[in-house]
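Values in this document were obtained by computation on a predicted structure and should not be read as measured data. We count ligands from 1, going down the list as the structure has it; atoms in each ligand are counted the same way.
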Amino acid sequence: MPQIFCSVGNCHYYGKGNVCKANQIMITSDTMSQNLSSNIDAPYAAQINQTPVTKSPETCCKTFVHKNDFNQNTDGVMKKS
Ligand code: SF4
């Protein structure tokens, strides 16, 4: 997986130097992200329909979970050490 840089500092997967420490992530359209359950994430990516967008602000990281959220591990994504 390519190295992913991300500045969302309050994400559970955020790492020092703006590095994402998730073992996998899923990017989708804002609309799709809002309509999917929080449990549906990267492990299910192949089962989700394509979601074309026009501009980058219409995309988001579906894998984001707040660092204080007690549901951090319900989506099957793991945090690398
Ligand atoms: S999971 Fe998404 S929001 Fe969280 S650090 Fe990684 S890229 Fe950023």
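A donor-acceptor pair is defined here as one N or O able to donate and one able to accept, closer than 3.5 Å; no such pair exists between the side chain of Lys62 and the backbone of Ala45.
Under a hydrophobic-cluster definition in which Ile, Leu, Val, Met, Phe, Trp and Tyr are linked whenever side-chain heavy atoms come within less than 4.5 Å, directly or via other members, Val77 and Met26 are assigned to different clusters. There is a path of hydrophobic side-chain contacts, each under 4.5 Å, that joins Ile27 to Ile4.
Residue-and-atom listing of protein N/O/S atoms under 2.8 Å from atom 4 (Fe) of ligand 1, sorted by chain and number: Cys11 SG.
For the atom pair Ile25 CD1 and Asp41 CG, the distance stands at 9.0 Å (nearest 0.5 Å).
A heavy-atom distance below 4.5 Å is found between the side chains of Val8 and Asn10.
For the side chain to side chain contact (heavy atoms under 4.5 Å, CB included) test, residues two or more places apart in sequence or in another chain that qualify with Lys79 are His12, Tyr13, Lys21.
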